[in-house]
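Working notes, beginning with the structure itself.
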Amino acid sequence: MSTYVDAVRKIVPYRRVGQVTRVTGLALEGDGPDARLGEVCEVVSGVDSHVQFAEVVSVQLGRVVLMPYGSTHGVGVGTRIVATGEAPRVGVGRALLGRVVDAFGAPLDGRGSIVTPAQYPLYPAPRNPLDRSPIERRLPTGLRVLDALLPLGRGQRLGIFAGSGVGKSSLLGMLSRNVRADVNVVALIGERGREVQEFMQRCLDVGALGRTVVVAATSDQPAVVRARAAYAATAIAEYFRDQGASVFLMMDSVTRFAMARREIDLAAGQPPTARGYTPSVFTEIPALCERCGTGRGEGSITAVYTVLVEGDDHNEPIADTLRATLDGHIVLTRELAHQGHFPAIDVLQSISRLEARLLSDRERALQARARTLLASHAKHREMVDMGLYKSGANPTLDEALQRMPALQSFLRQALDEQSSTEDTARGLAAALGERG
């Protein structure tokens, strides 16, 4: 009997219906229905009663603003809007591994449908901060510069900050192949259509693909779909974390997520503030990033977010917000890229906030010495290049000039090269003239 009682309770005795009163760009305004913020609605248009879905982005007295998941073509004044009572969710399960899906969890790879046993909400309630266990275990990346000087821990959140064409995607590819997590979740937000296929072919080998879920929303899709893809990828990562897995989440890029949120918020009527971004953008970014990290059990989400700094300005609002939110940042510079130094990571501008907890005493000593030599070389480089420096005047600089070729060789790494933690430690010691 209980099954029938539950079924009866789920029956909606009436339908909440409104109609479109205005179409502006990619947004719809309606005089109803009586819907909640974030609720999914049906937009029924045309003589053939074509149905597409839209999400409520603003609610006012007698006015609802929605953004369709598809095109607004064919929608006009009087088009019917029907509330579904459903909040945005995505299907989750192990069947997603090895697949490429869109923001709704539908397959893009042409390999048949995906059957998922459960659904996770895109906008869950914030987690209790006391439910997070400390980050104490390292997550080897296979990249010498990171493992030796900018270590990554299980459950840490790290940002990769760079301008366009400096090697962010290549660095993500190296991480996706080399990091030994149980599950990889890759979110490609606002990418060019061709880059999705290229990422699959160039950045994922057969071994990595089998434990990877790729969530893609290209730049030609509506802003609400691009933003949804970021939430969906995070929800999928949360599912695997709740199953006790070590999850490695990569999002390229959080800047395009912020741009999508700006479009949504402007359509909802929010005023623009810093660099045209709306106030909600600066609350949505921390809310999204805070969903990652450790839990009470074995599961964790280690997250890497790329940040496309506009005009190579590392102090623009999105970059500032991410630096204040994340547990560390990696800065890629155009100067190193032009020198053929890849990965083009500027060690002196980068930091891992958990390095003191993750490195041993000897590793910290080697790291501090390497940073000292790199800083001394950077400070006096112009004087050395102009021939104004006299050997012997500065012992630290003398050592930096002696060790720099070996240090630079250590920091460079080919795209298909992987270094174990032990080899990395020995390599840094050798570059500094010490025994491994």
Side-chain angles (χ1 to χ4, degrees), residues 26-27 35-43 52-59 64-70 83-93 95-96 99-108 114 116-128 157 183 185-190 213-218 221-243 247 249-254 256-265 267-268 278 280-293 295 299 301 303 305 325:
L26 296 177
R36 302 182 303 274
L37 192 66
E39 185 173 347
V40 178
C41 296
E42 296 177 349
V43 180
Q52 67 168 311
F53 293 96
E55 188 172 318
V56 177
V57 298
S58 176
V59 178
V64 177
V65 179
L66 308 95
M67 292 199 75
Y69 291 139
T84 65
E86 298 289 335
R89 307 175 75 86
V90 65
V92 292
L96 290 168
R99 303 299 300 270
V100 184
V101 300
D102 63 13
F104 306 92
L108 294 173
I114 301 174
T116 52
Q119 290 195 330
Y120 263 42
L122 297 193
Y123 314 121
R127 296 170 60 203
N128 186 337
R157 301 157 308 158
V183 175
V185 179
V186 181
L188 302 177
I189 312 298
V213 184
V214 179
V215 182
T218 52
Q221 294 183 282
V224 69
V225 176
R226 282 177 271 139
R228 181 188 169 105
Y231 295 118
T234 306
I236 292 169
E238 288 173 326
Y239 165 77
F240 286 107
R241 178 199 61 202
D242 294 345
Q243 303 303 307
V247 183
L249 170 66
M250 293 167 283
M251 187 174 295
D252 187 16
S253 71
V254 73
R256 294 192 178 102
F257 164 77
M259 291 177 176
R261 286 298 323 179
R262 175 173 59 185
E263 289 184 47
I264 295 169
D265 295 340
T278 53
S280 289
V281 171
F282 302 104
T283 59
E284 288 291 336
I285 289 176
L288 181 69
C289 297
E290 281 295 320
R291 292 168 62 178
C292 300
I301 302 175
Y305 301 94
T325 301

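Worth saying up front: this structure is predicted, and the values here are computed from it rather than measured.
Put simply, the side chain of R261 never gets that close to the backbone of S280: no donor and acceptor are under 3.5 Å apart. Proximity of a side-chain donor or acceptor of R241 to a complementary backbone N or O of G299 within less than 3.5 Å is not detected. With hydrogens and angles ignored, the 3.5 Å screen pairs no side-chain donor or acceptor of R99 with any backbone N or O of G105. Here the side chain of E290 pairs no donor or acceptor atom with the backbone of A287 at under 3.5 angstrom. A donor-acceptor pair is defined here as one N or O able to donate and one able to accept, closer than 3.5 Å; such a pair exists between the side chain of E39 and the backbone of G85. The closest donor-acceptor contact from the side chain of T325 to the backbone of P286 lies at 3.5 Å or more, if one exists at all.
Nearest heavy atom pair, residue A235 against residue L122, reads CB-CD2, 4.3 Å. Across all their heavy atoms, A227 and A260 have their closest contact at N-CB, 4.0 Å. Considering all non-hydrogen atoms of both residues, P222 and G70 come closest at CG-O, 3.9 Å. The shortest non-hydrogen separation linking F257 to A230 is CD1-CB, 3.6 Å. Of all heavy-atom pairs spanning A27 and A267, the tightest one is CB-CB, 3.8 Å. Heavy-atom minimum distance, A217 versus A229: CB-CB, 3.6 Å.
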Start with the C-alpha distance between T84 and V40, add both sets of side-chain angles, then the distance that settles side chain to side chain contact (heavy atoms under 4.5 Å, CB included), and finish with yes or no. CA-CA 6 Å; T84 65; V40 178; 3.9 Å; yes
Could you walk me through whether L96 and I114 pass the side chain to side chain contact (heavy atoms under 4.5 Å, CB included) test, one step at a time? CA-CA 7 Å; L96 290 168; I114 301 174; 4.0 Å; yes
Kindly determine whether L188 and V214 satisfy side chain to side chain contact (heavy atoms under 4.5 Å, CB included), including the steps that lead there. CA-CA 7 Å; L188 302 177; V214 179; 4.1 Å; yes
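When side chains are defined from C-beta on, V224 counts as touching Y69, because their heavy atoms get closer than 4.5 Å. Within the 4.5 Å cutoff, the side chain of V56 has heavy atoms near those of the C41 side chain. Between P88 and R228, some side-chain heavy-atom pair lies under the 4.5 Å cut-off. For the pair V186/V215, no side-chain contact is recorded, criterion being any heavy-atom separation below 4.5 Å from C-beta on. In this structure, V65 and V57 have side chains that are in contact, with non-hydrogen atoms separated by less than 4.5 Å. Looking at T234 and L249, their side chains come closer than 4.5 Å, going by heavy atoms from C-beta outward. With a 4.5 Å cut-off on side-chain heavy atoms, Y231 and L288 count as touching.
Y239 and Q119 form no side-chain donor-acceptor contact under 3.5 Å, judged by distance and modelled atom types alone. Under the 3.5 Å distance criterion, with hydrogens and angles disregarded, no donor-acceptor pair is assigned to the side chains of D252 and Y305.
Atom CZ of R226 sits about 9.0 Å away from atom OG1 of T218, to the nearest 0.5 Å. Taking CD of E55 as the start and CE of M67 as the end, the distance is 9.5 Å to the nearest 0.5 Å. Atom SG of residue C292 and atom CE of residue M251 lie 7.0 Å apart, to the nearest 0.5 angstrom. Taken to the nearest 0.5 Å, the CD1 atom of I236 stands 11.0 Å off from the CD1 atom of I301. Going from atom CG of L66 over to atom CD of E42 covers 12.0 Å, rounded to the nearest 0.5 Å.
A salt bridge links R291 with E238: at least one charged nitrogen is closer than 4.0 Å to a carboxylate oxygen.
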